[in-house]
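All remarks here apply to the structure that follows.
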Amino acid sequence: MSKKKKILLFSILIMMILFLTACNNQSELKKVEDNAFLMDTLVKVRAHGNGAEKAVKESIDQIEAIENLMSKTVTKSDVYKLNHNPKKEIIIAPETMVVLKKAKKYANLTAGDFDPTLGALVNLWGIGTKNPTVPQPSAIEKALKNTGYQYLDLNEESAKLTQAKVKIDLGGIVKGYAADSVRKIMKKNEVKHAFVNLGGNVLVIGDKVDGSAWKIGIQDPRKGRGSVMAIVAAKDMTIVTSGNYERYFEENGKLYHHIIDPKTGYPAQNNLLSVSIISSSSFDADALSTSIYVMGLKKGMKFIETIDEVEAMFITKELDVYLSSGLKELVEIKNKDFNLIEGEYFAN
Ligand code: AMP
Ligand code: MG
């Protein structure tokens, strides 16, 4: 064998060894996963790498801590204290303040389509509880009078509900806040690849261990958890879905779901099965998914197109799929029952 050939073979050998070592290191990245039932939903946290174990534990603890501050049923929570001490200035934790401020911001931005003070209406309907009910119109009228973000006063360290019987409900935003908190924990622990799912609020950190994009499934809204109708390729991104299939009950052939229009007091009535928001902030995406569901397709699409770097996917009852302009290349529809509506929507 010539000297040249020997050098070439030797180089190839070295490269192969380097390549195999690299692959081996990738697959050897430690994977840690944990599940818990928190915030009334199934929480899944997965992380890869040296800091994974600590990060996953801290994440689950943090989600629990957030629940203990912001749940309306935990008697020691800030929200419980506010709801049960109307007209009193209540000192609250900085974390709760961040969520209340963001919730009020979205209430203003959506002119009340999103409203964190609709607890009286949510309690009246009881959707997701053992005894949901279609309330009497007079009861809805009453609860509507006890709903309104103008009744929520926020100061530096304290908050106050200025009218008795107004109740805070952060169910439309708190999971997004929790998902973003998990991202911070992962970063602190130098975790480069992670996946979080809080009952439909999905957040991915970095890309997958093998360097490819995560593939996030969008649920088939007719079937609920576990069935995927489309896939979105994502890196450092969140997908948050609000849908009428998540919590609902049926009475006399009519479906009543958990996303309430704070202007009518009834579950938002439109032809949407679900709205998914894709963005880098889960906190904002969560507030937006609920808001946009209330707005419906036309108003919601127009609203989303005014916000930079936030995209939306709408699925209607006819199984038509509408994508905001930045999303067209990222979504792959997997189920042929769904029709992608192409072109420009709602130009005027
Ligand atoms: P999501 O699944 O994020 O859309 O949140 C739905 C939850 O948010 C409901 O179960 C209620 O607790 C709460 N909610 C319902 N309607 C609204 C609304 N219009 N604005 C704010 N929160 C709402
Ligand atoms: Mg939401």
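Quick note: residue numbers are just sequence positions, from 1. Every number for a ligand or one of its atoms is a count from 1 in the order of the listing. Excluded from the calculations below are hydrogen atoms, water molecules and symmetry mates; all remaining heavy atoms, backbone and side chain alike, are included.
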Answer yes or no: does atom CD of E251 have more than 12 heavy-atom neighbours from other residues, nucleotides or ligands under 6.0 Å?
-> yes

With a 4.5 Å heavy-atom cut-off, do T117 and Y151 have their side chains touching?
-> no

Can you list every pair that meets salt bridge (Lys or Arg N to Asp or Glu O under 4.0 Å) and has a residue in residues 287-297, with sequence neighbours left out?
-> none

Could you go step by step and tell me if L170 and Y177 meet the side chain to side chain contact (heavy atoms under 4.5 Å, CB included) rule?
-> CA-CA 10 Å; L170 296 176; Y177 174 73; over 6 Å; no

Within a reach of under 6.0 Å around CD of E89, are more than 12 heavy atoms found that belong to other residues, nucleotides or ligands?
-> yes

Y106 six-ring face occupied by K102 cation (under 6.0 Å, within 45°) = no

Note on the Mg ion (ligand 2): protein N/O/S atoms within less than 2.8 Å are G172 O, D286 O, D286 OD1, T290 OG1

Under the side chain to side chain contact (heavy atoms under 4.5 Å, CB included) criterion, do I92 and L100 qualify, and how do the steps go?
-> CA-CA 10 Å; I92 57 172; L100 287 174; 3.5 Å; yes

Check residues 229-239 and write down every donor-acceptor pair under 3.5 Å in which the side-chain atom is one partner and the other belongs to a residue at least two apart or another chain.
{"from": "D236", "atom 1": "OD1", "to": "G206", "atom 2": "N", "distance (Å)": "2.7"}
{"from": "T238", "atom 1": "OG1", "to": "V202", "atom 2": "O", "distance (Å)": "2.8"}
{"from": "T238", "atom 1": "OG1", "to": "S282", "atom 2": "OG", "distance (Å)": "3.0"}

Enumerate, one pair per line, all nitrogen or oxygen atoms of ligand 1 lying under 3.5 Å from a protein nitrogen or oxygen, stating the separation to 0.1 Å; write 'none' if no such pair exists.
{"from": "ligand 1", "atom 1": "2 (O)", "to": "E246", "atom 2": "OE1", "distance (Å)": "3.4"}
{"from": "ligand 1", "atom 1": "3 (O)", "to": "D286", "atom 2": "OD1", "distance (Å)": "2.9"}
{"from": "ligand 1", "atom 1": "3 (O)", "to": "T290", "atom 2": "OG1", "distance (Å)": "3.0"}
{"from": "ligand 1", "atom 1": "4 (O)", "to": "S242", "atom 2": "OG", "distance (Å)": "2.6"}
{"from": "ligand 1", "atom 1": "4 (O)", "to": "T290", "atom 2": "OG1", "distance (Å)": "2.7"}
{"from": "ligand 1", "atom 1": "8 (O)", "to": "G172", "atom 2": "N", "distance (Å)": "3.0"}
{"from": "ligand 1", "atom 1": "10 (O)", "to": "H258", "atom 2": "ND1", "distance (Å)": "3.1"}
{"from": "ligand 1", "atom 1": "12 (O)", "to": "D169", "atom 2": "OD1", "distance (Å)": "2.9"}
{"from": "ligand 1", "atom 1": "12 (O)", "to": "D169", "atom 2": "OD2", "distance (Å)": "3.2"}
{"from": "ligand 1", "atom 1": "16 (N)", "to": "I260", "atom 2": "N", "distance (Å)": "3.0"}
{"from": "ligand 1", "atom 1": "19 (N)", "to": "D113", "atom 2": "O", "distance (Å)": "3.0"}
{"from": "ligand 1", "atom 1": "19 (N)", "to": "I260", "atom 2": "O", "distance (Å)": "2.8"}
{"from": "ligand 1", "atom 1": "20 (N)", "to": "D115", "atom 2": "N", "distance (Å)": "2.9"}

Describe, in one word, how the ring planes of F195 and W214 are oriented to each other, choosing from parallel (under 30°), tilted (30 to 60°) and perpendicular (over 60°).
-> tilted

